[in-house]
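Chain naming here is simple, since letters A, B, ... match the order of the sequence lines and numbering starts at 1 in each.
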There are 2 protein chains.
Amino acid sequence: MKKISIRDIAKKAGVVPSTVSFVLNGKDKEMRISQVLTDKIKAIIEETGYYPNHTAVSLRTGKTKILGMLVEDIANVFFSTLARTIEDEAYAIGYKIVYCSTENNDEKGIELLKMLCRQQVDGFMITPSAGMVKEIQQLREQKMPLVLMDRYFPGLDIPYTLVDNQDGVQQGIEHLLQKGYKNIAFVTVDLDQVQMKERERAYKQVLQANQLSADNNLLKIPYKLKPEQYIDAITLFLKERTSIDAVFFATNYLGVYGLQSIRCLKLSIPADIAVVCFDDHDMFRFYTPSITVISQPIETIAKTAIRLLVEQLEKGVSTSNKKGVFVKGQLVLRNST
Amino acid sequence: MKKISIRDIAKKAGVVPSTVSFVLNGKDKEMRISQVLTDKIKAIIEETGYYPNHTAVSLRTGKTKILGMLVEDIANVFFSTLARTIEDEAYAIGYKIVYCSTENNDEKGIELLKMLCRQQVDGFMITPSAGMVKEIQQLREQKMPLVLMDRYFPGLDIPYTLVDNQDGVQQGIEHLLQKGYKNIAFVTVDLDQVQMKERERAYKQVLQANQLSADNNLLKIPYKLKPEQYIDAITLFLKERTSIDAVFFATNYLGVYGLQSIRCLKLSIPADIAVVCFDDHDMFRFYTPSITVISQPIETIAKTAIRLLVEQLEKGVSTSNKKGVFVKGQLVLRNST
DNA sequence: CTGAAAGCGCTTACAG
DNA sequence: CTGAAAGCGCTTACAG
């Protein structure tokens, strides 16, 4: 039972393959193929269950209708949620997604980029690590449609979309200030990543704008420690600084560890200490009586990414393509009922 | 700057494209191409940065080296973790993955299946919904390599891999019995899914084997309610049955809701009530002083799935392909430090 | 309206 | 060892 080809359909219909192709691609009117013939061909296609070989179409048209998605780690809920929306948006306009996880590793990311180029993907959606900048610039120069997500390279002409870190931190800190907290610590991870740096900068800036000093209340923890090590580091930090009455955690998992520390120290929340986290986490819904979160609008980010990509896919890549979009985060109070 | 093709390389090397192709595919020895020539060609390939157009290779060889992965929902941590390991395994042997989420919806699943067939994927890894059985059987008859994950169709000749539900429930219940609990409730979701039915059956069977009645302690909650509704249902159930001293939640999110209910009822854990959950959840590590979990070895499931698929990819699909593999779950005690 | 032909970029028997 | 040719299954100018 060999696969049916367009020639088989043509033979059955008593026409030449081109005619079938025109019908298949909705060019029957344009090519002035009679309605009767069109219907006949459509009936045969229906009846035989024929569908075009996508590989052949790709080779001929030069378009695979596949997009490459490079995220840091698909098992991470942020990226898998992103992937979910991207999937819907992409499939709706006829694109499939090939995914891979870079692990935030430059070499792996570059390798995967090459692999997907070889695969002839039509475009890229990338959560880049800092070391991938050269390869990404090259792709951009070669007019490959691409968009960065969750990260970006400030100053470079590469489209991106991510949460507005500056604004988010500002929302969070001002929320705490408004509640009357004065000694607001900031716990972040020591990582060469634009968004972390921006969050830290924003923290300092907002405190400064309010005539408060950020000098002694900043904790930077190394990247990729074990849970216990995070918890210990935060515990030690909080123990030594009893004047702290609020903490801003720069990302959700720090918040999760921080809550553990706070519990170890028998500080109650929010009576003794107020907490704000960047990025949401399932756990915040249950863990504690009250925690404030700067929630990333992941759906919006995903939709924006696809929009920016489609723009390039359709109109071609140029410097006139809208460069970058910051999406506002949302202040959300998480309460367990 | 047009893309370089094999003909360009051939021209540069002063040979015919076939020769380049042989070198490219490691058939230089076989075709007795001189070492000198091979080296020369390789140097040119290196120098020009040429790589074969995968679409053309696919059309010619009939193999796309793409696998289709249909999961219920990529945003769900179980499936995204599965996806992560599958990715590693697949890339290591030269396959890419196209993913899609079926939402456990028969029609959507069938549609996606068709779409991926059109895309000429080489094989499928599927988390099927019950209604997809016919289409999956058809694929199997057409000798399409495929493997089911997390679900299966008992009695049908379709390879699968999933956790051993019977064994897992038995481990959990016997753990509770051993601890001296006598009135063990079972909370599950009312869904036509093999694994849920198997877990329920196992619960009844184990109780029966221990001369205990399961009649009054079984709660089946409708699928896809809102969190509050789950919590309310469980709360009501536990309130009405004060003799219950332990609960087995059939899946992790029920456990998460259950813990909320237990907290609402001011029952402490595990002093007043012991809890076991099927499937792990991040939250169990933090939420409560102690909870026992039947942890699914997701990595093993993923690796097994790839293994079963590769077997078919390489040796062809036949009824002699090993049919199904149950993977044993692990009893894990979750403690917060 | 329809047909014959070229060509997308490869791989692989076949001939020498 | 090397070369010429067919063909994977399509699409699309071109000619009539």
Side-chain angles (χ1 to χ4, degrees), chain A residues 1-42 44-45 48-66 94 117-122, chain B residues 1-42 44-45 48-66 94 117-122:
Chain A
M1 64 137 268
K2 226 176 126 283
K3 272 286 299 288
I4 328 161
S5 83
I6 196 169
R7 306 185 53 176
D8 300 321
I9 303 296
K11 214 168 287 174
K12 277 202 190 224
V15 299
V16 83
S18 343
T19 312
V20 179
S21 175
F22 292 138
V23 171
L24 231 31
N25 295 300
K27 298 195 176 168
D28 49 315
K29 301 286 176 229
E30 191 182 326
M31 290 300 162
R32 302 201 220 160
I33 295 165
S34 72
Q35 190 61 48
V36 180
L37 189 50
T38 299
D39 289 346
K40 182 179 168 191
I41 291 172
K42 280 187 177 168
I44 293 174
I45 289 171
T48 53
Y50 165 78
Y51 54 85
N53 178 322
H54 189 81
T55 306
V57 175
S58 295
L59 180 59
R60 183 57 231 236
T61 62
K63 300 289 165 212
T64 55
K65 292 281 182 179
I66 298 180
C117 280
R118 217 162 291 210
Q119 197 82 34
Q120 316 289 127
V121 298
D122 287 347
Chain B
M1 68 141 265
K2 228 177 127 278
K3 271 287 297 290
I4 327 160
S5 81
I6 196 169
R7 305 185 53 178
D8 301 320
I9 302 297
K11 213 168 288 174
K12 278 201 189 224
V15 298
V16 84
S18 344
T19 312
V20 179
S21 174
F22 292 137
V23 171
L24 230 31
N25 295 299
K27 297 195 178 167
D28 48 314
K29 302 283 175 232
E30 192 181 326
M31 290 300 164
R32 302 202 220 159
I33 294 166
S34 72
Q35 191 59 48
V36 180
L37 189 50
T38 300
D39 289 344
K40 182 179 170 194
I41 293 172
K42 280 187 176 167
I44 293 175
I45 290 172
T48 54
Y50 165 77
Y51 54 86
N53 179 322
H54 190 80
T55 306
V57 175
S58 294
L59 180 58
R60 183 57 232 238
T61 62
K63 300 290 166 210
T64 55
K65 291 282 182 178
I66 298 179
C117 282
R118 216 162 292 207
Q119 197 81 33
Q120 315 291 127
V121 298
D122 287 347

Original post:
Rounded to the Å, how far apart are Asp28(A) CG and dT11(D) C1'?
Top reply: 16 Å
Original post:
Between dT11(C), dA4(D), dT2(C), which nucleotide gets closest to the side-chain atoms of Ser18(B)?
Top reply: dA4(D)
**OP:** Just compare dG3(C), dA4(D), dC10(C) and give me whichever is closest to any side-chain atom of Val16(B).
**Re:** dA4(D)
Original post:
Out of Ile4(B), Leu24(B), Ile6(B), which residue meets the side chain to side chain contact (heavy atoms under 4.5 Å, CB included) rule with Ile45(B)?
Top reply: Leu24(B)
**OP:** Write down the partner of dT2(D) under the Watson-Crick or G-U wobble criteria, each distance required to be under 3.5 Å.
**Re:** dA15(C)
Original post:
How far apart are the closest heavy atoms of Gln120(A) and Thr64(A), and which atoms are they?
Top reply: O-OG1, 2.7 Å
Original post:
Which part of the nucleic acid does Leu24(B) contact within heavy-atom distance under 4.0 Å: base, sugar-phosphate only, or nothing?
Top reply: nothing
Subject >> pair Thr48(B)-Asp8(B): side-chain heavy atoms closer than 4.5 Å >> reply: no
**OP:** Measure from NZ on Lys11(A) to P on dG9(D) and round the result to the nearest Å.
**Re:** 12 Å
Original post:
Where the side chain of Tyr50(A) is concerned, which of dG9(C), dT12(C), dC10(D) is the nearest nucleotide?
Top reply: dC10(D)
**OP:** Measure from the side chain of Lys27(B), starting at C-beta and using heavy atoms only, and say which of dT12(C), dT2(C), dT12(D) lies closest.
**Re:** dT12(C)
**OP:** Compare the minimum distances between each of dG3(D), dT2(C), dC8(C) and the side chain of Leu59(A), then state the nucleotide with the smallest one.
**Re:** dC8(C)
Original post:
Looking at dT11(D), dC8(D), dT2(D), which one has an atom nearest to any side-chain atom of Arg60(B)?
Top reply: dC8(D)
Original post:
In whole angstrom, what separates Arg118(B)'s CZ from dG9(D)'s P?
Top reply: 17 Å
Subject >> Distance in angstrom units between Phe22(B) CZ and dA4(D) P, rounded >> reply: 14 Å
Subject >> Side chain Ser21(A), main chain Pro17(A), donor-acceptor under 3.5 Å >> reply: no
Original post:
Picking from dT11(D), dG9(C), dT12(C), which would you name as closest to the side chain of Thr61(A)?
Top reply: dT11(D)
**OP:** May I ask you to decide if Val23(B)'s main-chain N or O and Lys42(B)'s side chain share a donor-acceptor pair within less than 3.5 Å?
**Re:** no
**OP:** With DNA chain C as reference, determine whether Val15(A) or Pro52(B) sits nearer its 5' end, using the nearest nucleotide of each.
**Re:** Val15(A)
**OP:** Look at all strands and tell whether Ser21(B) reaches a base, only sugar-phosphate, or nothing, counting heavy atoms closer than 4.0 Å.
**Re:** base
Subject >> Per Asn53(B) side chain, nearest of listed nucleotides dT2(D), dG9(C), dC10(D) >> reply: dG9(C)
**OP:** Starting from P on dT11(D), measure out to CD1 on Ile33(A) and report it in whole angstrom.
**Re:** 12 Å
Original post:
When the nearest nucleotide of DNA chain D is assigned to Leu37(B) and to Ala56(B) on a heavy-atom basis, which residue is associated with the more 5' position?
Top reply: Leu37(B)
Original post:
How long is the line joining NZ of Lys63(A) and C1' of dC8(C), in whole Å?
Top reply: 13 Å
Subject >> Side chain Asn25(B), main chain Lys27(B), donor-acceptor under 3.5 Å >> reply: no
Original post:
When the distance from NE2 of His54(A) to P of dC10(D) is rounded to whole Å, what number comes out?
Top reply: 12 Å
**OP:** Find the distance Ile4(B):CD1 to dC10(C):P and express it as a whole number of Å.
**Re:** 10 Å
